[in-house]
Amino acid sequence: MKTSLYIHIPFCRSKCTYCDFFSIPADGAVPDSYIDALCAEISWRMAEFGADGWSTVYAGGGTPSLLSEKQLRRLFNFIRSLGGTAAECTVELNPDDVTPSLLECLSECGVNRISVGIQAMEQSVLSAVKRRSSLQSVYAALECIRRVWKGVFSADIICALPGQSESGFLNGLEKLLSYEPAHISMYSLTIEDGTLLGNAVREGAVCYDFDAADAMWISGRDFLESRGYRQYEVSNFYSIKNGSPCAHNLAYWKLQNYIGAGSGAAGSLYGRKSFRYTNTHDIAEYIRFWNSFDGKKSAVQAAVPQSVESIEKNTEQFEFFMMGFRTADGICAEEYSGRFGDEIPERILRVFDRWQKKNLFRKYQKDEQNWYALTGNGLLFLNPFLEEIM
């Protein structure tokens with residue numbers, strides 16, 4: 001059985017004001033002991049999952065591009081020695097870290113897709129959210145990628161950051177598209193409690209217009225579609241000319257098995273007894289445990305520093321709808337039946353009918369199977385739709 005692998009690198013040189021992902025400041029290099037621990041965990045998880053290969057591999061963070069080239073070679077060569085080369089292998093990069101040498105190293109390691117955190121194409125906006133990368137380094141990275149990188153280039157951008165106007169955002173998008181990214185993740189800014197930005201908005205130090213932000217995101221979506229990008233998920237678009245959906249993220253949205261490795265990483269295994277685990281956020285504990293671990297121990301004996309959640313059938317059914325309806329394809333009725341041994345309940349089919357009458361939902365057939373999906377405008381109302389289902 002092949003599975004997906006997510007690797008978490010929880011180190012950043014600095015923290016952006018909007019970020020609530022698990023990471024810690026790292027002024028120096030990522031310790032080699034963390035790479036040792038990752039290798040030990042990945043090897044053990046693979047055996048526990050009964051996996052014999054990788055369908056996708058994704059290194060995120062944090063900032064994976066803080067790893068040295070020596071560490072990258074060691075980690076990815078080890079991963080390939082366990083499960084071969086994944087059809088899609090992605091590493092997230094900060095623009096400041098992009099160099100010809102790094103891109104060549106990644107290619108030699110079997111990485112064929114990079115996801116670059118551009119976030120904004122205006123210096124004032126980058127500064128407002130304390131991005132490490134400057135506009136100058138963003139352009140330098142884009143030029144380097146265009147010149148050197150032969151694999152897939154995906155760019156992350158955030159809509160409606162503080163101080164950003166709609167015209168400034170759309171002008172930035174146009175400049176980004178001139179570098180022909182095959183894939184774009186365009187996120188609507190989420191104001192999270194406990195972040196520097198969340199605190200500033202709550203205290204009134206930063207004024208934020210949520211309605212204007214929503215309108216800006218819709219303008220961005222329409223702009224991307226007019227330039228030949230297809231929305232295949234709430235926040236994700238691929239170039240019709242030279243791109244495709246991210247296979248790793250599709251594994252999440254389709255509730256497929258995946259191993260999560262690293263401090264703070266999560267993984268899921270679906271089957272007769274579905275479960276999800278989340279690794280400790282204590283990096284020192286994570287390193288200590290895995291670097292002294294006897295790989296022969298079973299899961300019960302190991303006392304792995306993690307929390308484990310049993311995924312009951314009703315929870316998995318909700319997650320099937322929640323994740324599936326994030327995508328433009330939606331869900332397949334036959335897949336639901338095969339997974340859960342039931343037909344989609346009549347009360348939920350009636351919700352589908354009501355939303356179809358509002359032109360926010362569609363029913364269609366593909367490969368002689370029945371599919372249900374929100375329309376492009378329907379995706380804007382995903383949360384109320386899910387609330388009505390459940």
Side-chain angles (χ1 to χ4, degrees), residues 4-15 21-46 54 56-86 88-117 132-133 137 141 144-145 148-154 248 258-265 267 279-293 295 305:
S4 290
L5 171 65
Y6 172 75
I7 306 155
H8 192 62
I9 309 296
F11 303 96
C12 287
R13 294 222 189 279
S14 59
K15 191 87 165 176
F21 288 117
F22 169 56
S23 65
I24 64 167
D27 295 330
V30 176
D32 286 337
S33 57
Y34 188 76
I35 307 302
D36 296 338
L38 279 174
C39 292
E41 184 191 4
I42 292 168
S43 179
W44 183 75
R45 295 281 187 199
M46 193 175 187
W54 309 118
T56 66
V57 175
Y58 192 107
T63 312
S65 51
L66 290 181
L67 297 180
S68 69
E69 291 182 18
K70 181 179 179 181
Q71 290 173 328
L72 287 166
R73 291 181 195 280
R74 181 172 172 232
L75 177 61
F76 283 98
N77 287 341
F78 179 80
I79 290 168
R80 284 191 291 180
S81 75
L82 291 179
T85 300
E88 179 188 276
C89 183
T90 305
V91 174
E92 292 181 353
L93 306 179
N94 185 291
D96 273 9
D97 302 326
V98 174
T99 63
S101 180
L102 173 63
L103 296 179
E104 289 163 3
C105 171
L106 291 171
S107 183
E108 291 167 4
C109 289
V111 175
N112 55 18
R113 186 176 184 276
I114 55 173
S115 178
V116 186
R132 170 158 67 96
S133 52
S137 66
C144 182
I145 291 165
V148 177
W149 183 245
K150 304 304 181 186
V152 175
F153 163 41
S154 177
H248 185 83
Y258 71 96
I259 292 171
S263 181
N279 282 335
T280 177
H281 284 60
D282 185 329
I283 296 174
E285 180 187 15
Y286 175 83
I287 292 172
R288 274 196 309 272
F289 176 84
W290 287 107
N291 285 340
S292 61
F293 176 64

To the nearest 0.5 Å, how far apart are [atom1] in [X] and [atom2] in [Y]?
| X | Y | atom1 | atom2 | answer |
| --- | --- | --- | --- | --- |
| Ser4 | Ile259 | OG | CD1 | 9.5 Å |
| Leu72 | Ile35 | CG | CD1 | 7.5 Å |
| Ile145 | Leu103 | CD1 | CG | 6.0 Å |

Side chains of [X] and [Y], donor plus acceptor under 3.5 Å:
| X | Y | answer |
| --- | --- | --- |
| Asp96 | Ser137 | yes |
| Glu92 | Ser65 | no |
| Glu285 | Thr280 | yes |
| Glu41 | Tyr286 | yes |

- Query: If only atom types and distance count, is the side chain of Thr99 paired as donor or acceptor with the main-chain N or O of Leu102 below 3.5 Å?
  - Reply: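 Answer holds: yes.
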- Answer yes or no: is there a donor N or O on one side and an acceptor on the other, between the side chain of Asn112 and the main chain of Gly151, under 3.5 Å?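 Judged by distance alone, no pair lies under 3.5 Å.
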- Item | Partner residues of Ala265 under the side-chain contact (heavy atoms from CB on, under 4.5 Å) criterion, sequence neighbours left out |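 Per chain and number, Ala265 pairs via side-chain contact (heavy atoms from CB on, under 4.5 Å) with Tyr6, His8, Asn279.
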- Query: With sequence neighbours excluded, what pairs up with Glu104 under the side-chain contact (heavy atoms from CB on, under 4.5 Å) test?
  - Reply: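 Result, side-chain contact (heavy atoms from CB on, under 4.5 Å) vs Glu104: Pro100, Val148.
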- salt bridge (Lys or Arg N to Asp or Glu O under 4.0 Å): pairs with one or both residues in residues 31-40, sequence neighbours excluded: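 Sorted result for residues 31-40: Asp36-Arg74.
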- Is Arg13 paired with Asp97 through a side-chain N to carboxylate O contact shorter than 4.0 Å?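 No.
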Is the closest side-chain heavy-atom distance between [X] and [Y] below 4.5 Å?
| X | Y | value |
| --- | --- | --- |
| Cys89 | Thr56 | no |
| Ile283 | Phe11 | yes |
| Tyr34 | Ser263 | yes |

- Query: In terms of ring plane angle, is the pair Trp44 and Phe293 parallel, tilted or perpendicular, where the classes change at 30° and 60°?
  - Reply: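 If you compare the ring of Trp44 with that of Phe293, the planes turn out perpendicular.
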- Go through the structure and list residues passing ring pair (Phe, Tyr, Trp, His ring centres under 6.0 Å) with Tyr258, not counting sequence neighbours.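 Tyr258 satisfies ring pair (Phe, Tyr, Trp, His ring centres under 6.0 Å) with Tyr252 once adjacent residues are dropped.
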- Results of ring pair (Phe, Tyr, Trp, His ring centres under 6.0 Å) for Phe76 - residues two or more places apart only: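 Checked Phe76 against ring pair (Phe, Tyr, Trp, His ring centres under 6.0 Å); zero matches.
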- Task: Tell me, please, which residues at least two apart from Arg73 pass salt bridge (Lys or Arg N to Asp or Glu O under 4.0 Å).
- Result: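 Arg73: salt bridge (Lys or Arg N to Asp or Glu O under 4.0 Å) contacts with Glu108.
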